[in-house]
Amino acid sequence: REYLTANKIGIDSPLPLEERLTEEEHNYLRDYEEAVAAIPQPEDGVLEAVKLSAMAGEPEAQRRLAELMLPRVIDVARLYAGQGVWMEDLIGAGNEALVRGTALLAPLESPAEVEGRLVELMMNAMEELVEAGIHARGQDEEIAARVNRVADAARELAEDLGRSVTVTELAGEGALTEEEIMEAVRISANRIPDIDYES
């Protein structure tokens, strides 16, 4: 429980947003919320007309609809906060999906479907961003593990020999191929201790 809490992972229920964001993200979110709050919101009848016009493909109505939906971007971004993607990037992905989405409303049957469709597009965009971040972190961890494996093997052999080791000597131990060692050397930019890069 202490580990999960320390790593900002909610137990039974999600952690409050305040605990999932960095100070920089808090500041960005506050400034963005203030900017969005300054946008005047129309009455329901006017919003309905804007939705209908956007569905009909009118560019100005689509632009206005995107502007009026910005508070929803913030709401959706809050759902994905704390999952390894900066709040600014989440909001950026949501805004982009929103702008693109306002041009894709023609197939909808009524204005009542507009908000749900746009929110769905925002969520999809943010989910893709979170998944891409998870994938990238997984790749980073895999690369680090490869370099560490070579570094550990080089350290052990260097301790046995009392000197730095060559790639050929390390490969000769049989646990790693020369290709694996050279890949780790390349990734680390020749910074693995205990490997003699001159020989």
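Throughout, residue positions are numbered sequentially from 1 according to the sequence presented. Quick caveat, the model's predicted, so the values are computed rather than measured.
One finds the CZ atom of R30 at 6.0 Å from the CD atom of E34 (value rounded to the nearest 0.5 Å). For the atom pair CD1 (I74) and CG (L79), the distance works out to 12.5 Å, reported to the nearest 0.5 Å. Taken to the nearest 0.5 Å, the CG atom of L90 stands 8.0 Å off from the CD atom of Q83. Note that CD of E96 and CE of M126 are 11.0 Å apart. Values are rounded to the nearest 0.5 Å. For the atom pair CG of N95 and CE of M122, the computed distance is 8.0 Å after rounding to the nearest 0.5 Å. The CD atom of E180 lies 8.5 Å from the CZ atom of R146; values are rounded to the nearest 0.5 Å.
Scanning both residues, L121 and G101, for their nearest heavy atoms gives CD1-CA, 3.5 Å. The two residues L98 and A66 make their nearest non-hydrogen contact at CD2-O, 3.1 Å. Annotation for S188 and I192: closest pair OG-CG1, 3.3 Å, computed over non-hydrogen atoms. The two residues L65 and A54 come nearest to each other via the heavy atoms CD2-CB, 3.8 Å. Across every non-hydrogen atom of A153 and L176, the tightest pair is CB-CD1, 3.8 Å.
When the side chain to side chain donor-acceptor pair (under 3.5 Å) test is applied to E173, no partner is found at least two apart in sequence or on another chain.
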| said: Is there a side-chain contact (heavy atoms from CB on, under 4.5 Å) between L29 and I91? Walk through the geometry before answering. | reply: CA-CA 9 Å; L29 182 58; I91 288 176; 4.1 Å; yes

| message | Would K51 and E48 count as a salt bridge (charged side-chain N to carboxylate O under 4.0 Å, His left out) here? Give the steps. | response | CA-CA 5 Å; K51 289 178 181 178; E48 184 100 350; 5.4 Å; no

| request: Apply the test salt bridge (charged side-chain N to carboxylate O under 4.0 Å, His left out) to residues R78 and E33: give CA-CA distance (whole Å), side-chain angles for both, the deciding distance (0.1 Å), then the verdict. | output: CA-CA 12 Å; R78 287 172 174 272; E33 285 175 324; 2.3 Å; yes

| request: Dump the intermediate steps for side-chain contact (heavy atoms from CB on, under 4.5 Å) on V36 and R72, then the final yes or no. | output: CA-CA 10 Å; V36 169; R72 298 294 289 155; over 6 Å; no

| task | Determine, stepwise, if the pair L105 / L118 fulfils side-chain contact (heavy atoms from CB on, under 4.5 Å). | result | CA-CA 9 Å; L105 301 175; L118 293 175; 4.0 Å; yes

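Put simply, the side chain of E127 does not reach to within 4.5 Å of the side chain of V76, judged on heavy atoms. In this structure the side chain of D75 never reaches within 4.5 angstrom of the side chain of V119, judged on heavy atoms. A heavy-atom distance below 4.5 Å is found between the side chains of W86 and E24. Within the 4.5 Å cutoff, side-chain heavy atoms of R155 are placed close to those of E159. Looking at heavy atoms from C-beta onward, L170 lies in side-chain contact with V150 at the 4.5 angstrom threshold. When side chains are defined from C-beta on, Y80 does not count as touching V85, because their heavy atoms never get closer than 4.5 Å. Residues S53 and R64 form no side-chain contact, since every pair of their non-hydrogen atoms from C-beta on lies 4.5 Å or further apart.
The residues R149 and D152 are annotated as not salt-bridged, no charged nitrogen and carboxylate oxygen being separated by less than 4.0 angstrom.
A donor-acceptor pair under 3.5 Å is formed between the side chain of E25 and the backbone N or O of M87. Under a 3.5 Å cut-off, the side chain of T102 and the backbone N or O of V99 do form a donor-acceptor pair.
V73 and L104 end up in different hydrophobic clusters when Ile, Leu, Val, Met, Phe, Trp and Tyr side chains are linked at under 4.5 Å.
The environment of CZ in R163 is crowded: more than 12 heavy-atom neighbours from other residues, nucleotides or ligands sit within 6.0 Å.
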